[in-house]
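First up is the structure itself, then whatever we jot down about it.
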There are 2 protein chains.
Amino acid sequence: MSRPEALSPARLKDAAPLFAALGDATRLGLLVSLCASGPLTVTRLSGQFAVSRQAITKHLDVLAEAGLVTSARQGRERIWTFEPKRLEDAHQYLARLSREWDVALGRLKAFVES
Amino acid sequence: MSRPEALSPARLKDAAPLFAALGDATRLGLLVSLCASGPLTVTRLSGQFAVSRQAITKHLDVLAEAGLVTSARQGRERIWTFEPKRLEDAHQYLARLSREWDVALGRLKAFVES
DNA sequence: AAAAAATGCAACCGAGGGGTTGCATCAGTC
DNA sequence: GACTGATGCAACCCCTCGGTTGCATTTTTT
């Protein structure tokens, strides 16, 4: 059993694809759009970017694979929706790293003062 | 003037490379090592991973480019140190996105109730 | 001064990422 | 049923990424 805060290699393998999905300006832009304007279709989204609709589709697929968006067919169009859960996961990873660093600093301080 | 919380395209262009640097399991592992064990050299770090020293060097260069680590020559070796500032930046980006979403939800709620 | 350790530099390689274009398909609309 | 709009699918292209190997360079150490 590992503490829930531990940053095990297994956790890293889960975190990496998540951050990778966030590591593209167009994809971040898509998330912002979906956050601000609410659920949208591909064609509507691609109107806001300088790339083709198919390129946007691929980006949305990547975001969906990472769990950052979901989609649902509705008649002849597909609606894409932002999914805040995974964003919280990403936040947790960063918090854990940060905490690990603080702990290390504490150890160093204790060592210097001893 | 844009509010400091706004997620402008300019901010996204800054955030994307940062998240991209975090989007690799080996690089996340390097950050964890540097956090937990304190500043280390390349050879010492590469001992903990299954890839060559040169591969680790490239990863460290990527992390340095993103501002997540710094390095300093010391005699015949180079010491790599974790840099917590940029991690805080990443955290801020996520928080802004999350907040934007909450605002949108609030608007939706107000609309439904009107 | 010679050997050993730590790093730097450069070329190369295969896979995947981001983008495009063209065409097929499917669902409303007149 | 014919037309139009929104997607889906597939092939292709170029370039970056992660990784390798081989060798040069710089500092210690003996």
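Given the structure is predicted, the values throughout are model-derived calculations rather than measurements. Sequence lines set the chain letters: A, B, ... in the order given, protein chains first and strands last, and positions in each chain run from 1.
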Hey, is A/Asp14 close enough to A/Arg86 for a salt bridge, meaning N to O under 4.0 Å? yes
Can you check whether A/His59 has a side-chain N or O nearer than 4.0 Å to OP1 or OP2 of C/dG17? no
Expected output is a numbered-order residue list: members of residues 67-81 of chain A with a heavy atom under 4.0 Å from any atom of DNA chain D. What is it? A/Arg76, A/Glu77, A/Arg78
With the 4.5 Å side-chain cut-off for hydrophobic clustering, are B/Val62 and B/Leu18 part of the same group? no
Taking only heavy atoms on the protein side, list every residue of residues 26-45 of chain A lying under 4.0 Å from any atom of DNA chain D, sorted numerically. A/Thr41, A/Val42, A/Thr43
Rounding to a whole Å, what distance do you find between A/Phe49:CZ and C/dG19:C1'? 15 Å
State which of D/dT20, C/dT20, C/dG18 makes the closest approach to the side chain of A/Ala55. C/dT20
Is any side-chain nitrogen or oxygen of B/Ser52 closer than 4.0 Å to OP1 or OP2 of D/dG19? no
Among D/dG22, C/dT7, C/dG18, which is the nearest nucleotide to the side chain of B/Arg53? C/dT7
Nearest-Å distance, CG (A/Asp24) to C1' (D/dC17)? 14 Å
Side chain proximity check, B/Arg44 to B/Thr41, heavy atoms < 4.5 angstrom: yes
Strictly distance-based, threshold 3.5 Å: is any side-chain N or O of B/Arg27 a donor or acceptor partner for the main-chain N or O of A/Ala16? no
Point-to-point distance, once rounded to the nearest 0.5 Å, from CD of B/Glu83 to OG1 of B/Thr70: 4.5 Å
Please determine if A/Glu113 and A/Lys109 form a salt bridge, counting it only when a charged side-chain N lies under 4.0 Å from a carboxylate O. yes
Between CD1 of A/Ile56 and C1' of C/dG17 the distance, given in whole Å, is 15 Å
I'd like to know whether B/Leu87 forms a side chain to side chain contact (heavy atoms under 4.5 Å, CB included) with B/Phe82, so could you lay out the CA-CA distance, the side-chain angles of the two residues, the decisive distance to 0.1 Å, and finally the verdict. CA-CA 10 Å; B/Leu87 212 62; B/Phe82 175 67; 3.7 Å; yes
State which of C/dG22, C/dG19, C/dG18 makes the closest approach to the side chain of A/Gln54. C/dG22
For the side chain of B/Ser37 and the backbone of B/Leu34, is there at least one donor-acceptor N/O pair under 3.5 Å apart? no
Heavy atoms, side chains only, cut-off 4.5 Å: are A/Ser33 and A/Leu45 in contact? yes
Length of the line joining B/Leu60:CG and C/dA6:P, which is rounded to integer Å: 16 Å
Ignoring hydrogens and geometry beyond distance, is the side chain of B/Lys58 in donor-acceptor contact with the base of D/dG19 at under 3.5 Å? yes
